[in-house]
Amino acid sequence: MWQGGILKMINFIQNIINEDKKTDKYEDRVHTRFPPEPNGYLHIGHAKSICLNFGIAIANGGLCNLRFDDTNPSKEDTEYVDSIKKDVKWLGFDWDDRLFYASDYFEKMYDYAVQLIKKGKAYVCELTPQEIREHRGTLTQPGRESPFRNRSIEENLELFEQMRVGTFPDGSRVLRAKIDMASPNINMRDPVLYRIIKAAHHRTGDKWCIYPMYDFAHPISDSIEGITHSICTLEFEDHRPLYDWLLNCLEIFHPQQIEFARLNITNTLMSKRLLRQLVEEGHVQGWNDPRMPTISGLRRRGYTPEAIRDFCERIGVAKSNSVVDISLLEHCIREDLNAKAPRVMAVLRPIKVIIDNYPEDKVEWLEAENNSQLPEMGTRQLPFSREIYIEDEDFMEEPTKKYFRLSPGNEVRLKHAYIIKCERVIKDESTGKILEIHCTYDPNTRSGDDTSGKKVKGTIHWLSVQHAMPAEVRLYDYLLLDDQDEEKEGENEERDEADSFIANLNPKSLVKLTNSVVEPSLADGEKGSGYQFLRQGYFCVDIQDTSGEKIVFNRVVSLRDTWAKIEKANKS
RNA sequence: UGGGGCGUCGCCAAGCGGUAAGGCACUGGACUCUGACUCCAGUAUUCGAAGGUUCGAAUCCUUCCGCCCUAGCCA
């Protein structure tokens, strides 16, 4: 398994662990867990948590469990547990035999609840949800005690038993902790521990009709598993007193909860709810649409586990809310693919070039290196002939300054082949559209044995027309337009959020090119494998839509494009 | 308005009383049969603000300001 640069990982959580080791708090043991709820697909925010939890364990010679937090049968499904397992594995982490479910502990949790009742620390409450809310008070006003708060232990025991056997309808009773209705921390105002949900659970079926709340299930699950450091996100900070209270009352092994800031990335949605909305409203093709920040989406897009792990390492772990620039993610995948992707030629938007002085029927097979930086990646043969395609961007009839690609009278090098010179352009008389470009080549300039001594500024990629293989190429861009920080006026916040995020969707997040051509060597490109299309970017063979008759490439990320910056600067 | 948390370069982020790491982005330049990669160089006298303690403060104290979370029988 991956050991990465993780051993160097320094963050405030590691500092806490170092301190715990010094004081022998957990007998030098480090045991973490990744606790997803199986109610959706994992996204890159979860990857941060996965890398953190497994990474901390690895770095400290400890263990990390995979535990499904499945305490709400109405939202959860095995479809999600399967995808989550797959994603965690794909990211490169291994839970060995430590795959657990909170539902494994339902019986024990029930016993602990009974213990709480026996200690006079919990009671069955018959207030309606509405009434409970009213009794809770507000941020500034203390709550009021439930009229059911001081029932006898015997009565509570009996009622709780009745809840379990299904005597009462959904929502009619709950088990509540008896803490303090006047606590400034609302989580301590007699929080609900158990509720009645008569729904089939994906693992326990209809064995139960009462289910523990997160606040009850989580500390107990952690304790049962001997977790030492229970790492969660910032919004649970206010729940920590309750976490501690329960463990203290129950007098069982006491892990420590540590909170860190969740991941946010520019131009990217990171909420399960909104991602689900994208899927359900058809703005994307599914959870694994290559534009989605889900692990499955990134995988299909062509991101590698190495790049995602590297990213998670680089962003760091802290407690301040932050938004990481997506350019860092892009840098990580470029860096990884640069080191391993074979280079290949593809013409995305072809325009035909005819080399007038090249024999009509001749085909030359030129040797091309697969990666100029890694000779060990070998070479391949490339067919060259009289008619070729070049990228339409690589020709400009009236070149701007600093443009050193093909233009009338100008010479460029064809990568791995000859230097050609543009002689004339043939256009459609009515539309003015360029139909073909006529060039001549210099036979003394063949790559590898150039005897001309010529130096040209530009090198462009090309493909022999008769050998080019058609392909569909999908260019992806950010799902969201630039983050607009326009402040919404107070009212209707919910609505505004949903609406504004739909309005902020990038209409050009997917551009399908159906006239692209690629090298014949790509005919047997394996699904999912990544390439660098020379001068353009990194692409991978789409795992879903590629078939016997059609090969589809996804653009993972473009190459850095200095020329685009120059052009942009020229215009402004 | 109660409680909790956070505020170090455009974006992340080290730093924990001894005089501001690193990464991304950006800007120059070198190299280049990918305007890619790589390589050099540059970029916070300043750490939300104001006071105070100290020989010395981003680090300690005080006050203030800003942002986030929190009133689910969701997690």
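The sequence lines fix the lettering, A, B, ..., with proteins before strands; numbering per chain opens at 1.
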Chemist: What's the gap between B/rA14 and B/rA44 when it is taken at their C1' atoms, as a whole Å value?
Modeler: 14 Å
Chemist: OP1 or OP2 of B/rU38 versus the side-chain N and O atoms of A/R560: is any pair under 4.0 Å?
Modeler: no
Chemist: Check each of A/F106, A/Y194, A/Y110 against A/Y211 using the ring pair (Phe, Tyr, Trp, His ring centres under 6.0 Å) test, and report the only one that passes.
Modeler: A/F106
Chemist: Is A/R173 paired with A/E126 through a side-chain N to carboxylate O contact shorter than 4.0 Å?
Modeler: yes
Chemist: Is the base of B/rU70 touched by the side chain of A/E237 through a donor-acceptor pair closer than 3.5 angstrom?
Modeler: no
Chemist: Looking at every strand, decide which applies to A/Y211 at a 4.0 Å heavy-atom threshold: base, sugar-phosphate, or nothing.
Modeler: nothing
Chemist: Would you indicate what A/G448 reaches in the nucleic acid, counting non-hydrogen atoms under 4.0 angstrom: base, sugar-phosphate, or nothing?
Modeler: base
Chemist: Would you classify A/H239 as touching base, sugar-phosphate or nothing, given that sugar-phosphate means primed atoms plus P, OP1 and OP2, and contacts are heavy atoms under 4.0 Å?
Modeler: base
Chemist: Under a 3.5 Å cut-off for both contacts, is B/rC64 paired Watson-Crick or G-U wobble with anything, and if yes, with which nucleotide?
Modeler: B/rG48
Chemist: Which is more 5' along RNA chain B, the nucleotide nearest A/D450 or the one nearest A/A318? Just name the residue.
Modeler: A/A318
Chemist: Rounded to the nearest angstrom, tell me the gap between atom CD1 in A/I265 and atom P in B/rG23.
Modeler: 20 Å
Chemist: Hey, does A/Y194 reach any base, or is it just sugar-phosphate, or nothing, if we go heavy atoms under 4.0 Å?
Modeler: nothing
Chemist: Between A/R203 and A/D104, is there a salt bridge with N-O shorter than 4.0 Å?
Modeler: yes
Chemist: Do the non-hydrogen side-chain atoms of A/K402 and A/K457 ever get within less than 4.5 Å of each other?
Modeler: no
Chemist: Is it the case that the base of B/rG3 and the side chain of A/D238 share a donor-acceptor contact (distance under 3.5 Å, atom types as modelled)?
Modeler: yes
Chemist: Going by ring centres under 5.5 Å and near-parallel planes (under 30°), is A/Y214 stacked on B/rA75?
Modeler: no
Chemist: Between A/C439 and A/K421, is any pair of side-chain heavy atoms under 4.5 Å apart?
Modeler: no
Chemist: Indicate whether OP1 or OP2 belonging to B/rU34 is found under 4.0 Å from a side-chain N or O atom of A/H461.
Modeler: no
Chemist: So does A/S322 get a side-chain nitrogen or oxygen closer than 4.0 Å to the phosphate oxygens (OP1/OP2) of B/rA13?
Modeler: yes
Chemist: What contact category does A/E330 fall into here, base, sugar-phosphate, or nothing, at under 4.0 angstrom with non-hydrogen atoms?
Modeler: nothing
Chemist: Quick one: do the A/D20 and A/Q256 side chains pair a donor with an acceptor below 3.5 Å?
Modeler: yes
Chemist: Using a heavy-atom cut-off of under 4.0 Å over every strand shown, decide if A/R240 touches base, sugar-phosphate, or nothing.
Modeler: nothing
Chemist: Can you check the A/I390 CD1 to B/rG35 P distance for me, whole Å?
Modeler: 14 Å
Chemist: Round to a whole Å and report the spacing from CD of A/E335 to P of B/rC24.
Modeler: 8 Å
Chemist: Indicate syn or anti for B/rG72, taking the glycosidic torsion and treating anything within 90° of 0 as syn.
Modeler: syn
Chemist: Partner of B/rA13 by Watson-Crick or G-U wobble geometry, both contacts under 3.5 Å, or none?
Modeler: none
Chemist: Provide the Watson-Crick or G-U wobble partner of B/rU27, both distances under 3.5 Å; none if there is no partner.
Modeler: B/rA41
Chemist: When we call it a touch if two heavy atoms are under 4.0 Å apart, what does A/D561 touch: a base, just sugar-phosphate, or nothing?
Modeler: nothing
Chemist: Give the rounded distance in Å between these two atoms: CG of A/L52 and P of B/rA13.
Modeler: 12 Å
Chemist: Heavy atoms under 4.0 Å, any strand shown: does A/F68 hit a base, just sugar-phosphate, or nothing?
Modeler: nothing
Chemist: How many Å lie between NZ on A/K455 and C1' on B/rU32, as a whole number?
Modeler: 8 Å
Chemist: Quick one: is B/rU32 close enough that its OP1 or OP2 comes under 4.0 Å of any side-chain N or O from A/T459?
Modeler: no
Chemist: Can you say whether a donor on the side chain of A/R133 sits under 3.5 Å from an acceptor on the base of B/rG72, or the other way round?
Modeler: no
Chemist: Examine B/rG2: is either OP1 or OP2 under 4.0 Å from a nitrogen or oxygen in the side chain of A/T138? Give yes or no.
Modeler: no
Chemist: Does B/rG7 have OP1 or OP2 under 4.0 Å away from a side-chain N or O of A/K319?
Modeler: no
Chemist: Answer with base, sugar-phosphate or nothing: what part of the nucleic acid does A/T71 contact at a heavy-atom distance below 4.0 Å?
Modeler: sugar-phosphate
Chemist: Please report the distance, rounded to the nearest Å, between CD1 in A/I258 and C1' in B/rC6.
Modeler: 17 Å
Chemist: Strictly below 4.0 Å: does A/R195 bring a side-chain N or O up to OP1 or OP2 of B/rC74?
Modeler: yes
Chemist: Which heavy atom of A/A122 sits nearest a heavy atom of A/L193, and at what distance?
Modeler: CB-CD2, 4.4 Å
Chemist: Using the benzene-type ring in the case of Trp, are the ring centres of A/F533 and A/F553 under 6.0 Å apart?
Modeler: yes
Chemist: How would you label the contact of A/L263 with the nucleic acid (heavy atoms, under 4.0 Å): base, sugar-phosphate, or nothing?
Modeler: nothing
Chemist: Base, sugar-phosphate, or nothing for A/R446, non-hydrogen atoms under 4.0 angstrom?
Modeler: base
Chemist: CD of A/Q14 versus C1' of B/rC16: gap in Å, rounded?
Modeler: 16 Å
Chemist: Any salt bridge linking A/K454 with A/D450? Criterion: basic side-chain nitrogen under 4.0 Å from a carboxylate oxygen.
Modeler: no
Chemist: When we call it a touch if two heavy atoms are under 4.0 Å apart, what does A/K402 touch: a base, just sugar-phosphate, or nothing?
Modeler: base
Chemist: Can you tell me how far C1' of B/rG22 sits from CG of A/L328, to the nearest Å?
Modeler: 12 Å
Chemist: So, OP1 or OP2 of B/rG72: does either fall under 4.0 Å of a side-chain N or O from A/R136?
Modeler: yes
Chemist: Applying a 4.0 Å non-hydrogen cut-off, can you work out what A/V192 is touching in the nucleic acid: base, sugar-phosphate, or nothing?
Modeler: sugar-phosphate
Chemist: Tell me what A/I196 touches on the nucleic acid: a base, only sugar-phosphate, or nothing, going by heavy atoms under 4.0 Å.
Modeler: nothing
Chemist: Using the P atoms only, state how far B/rU46 lies from B/rA13, rounded to an integer number of Å.
Modeler: 23 Å
Chemist: Counting only side-chain nitrogens and oxygens, does A/R535 get under 4.0 Å of the OP1 or OP2 atom of B/rG35?
Modeler: yes
Chemist: Please compare A/T140 and A/I315 by the position of their nearest nucleotide in RNA chain B and report the one closer to 5'.
Modeler: A/T140
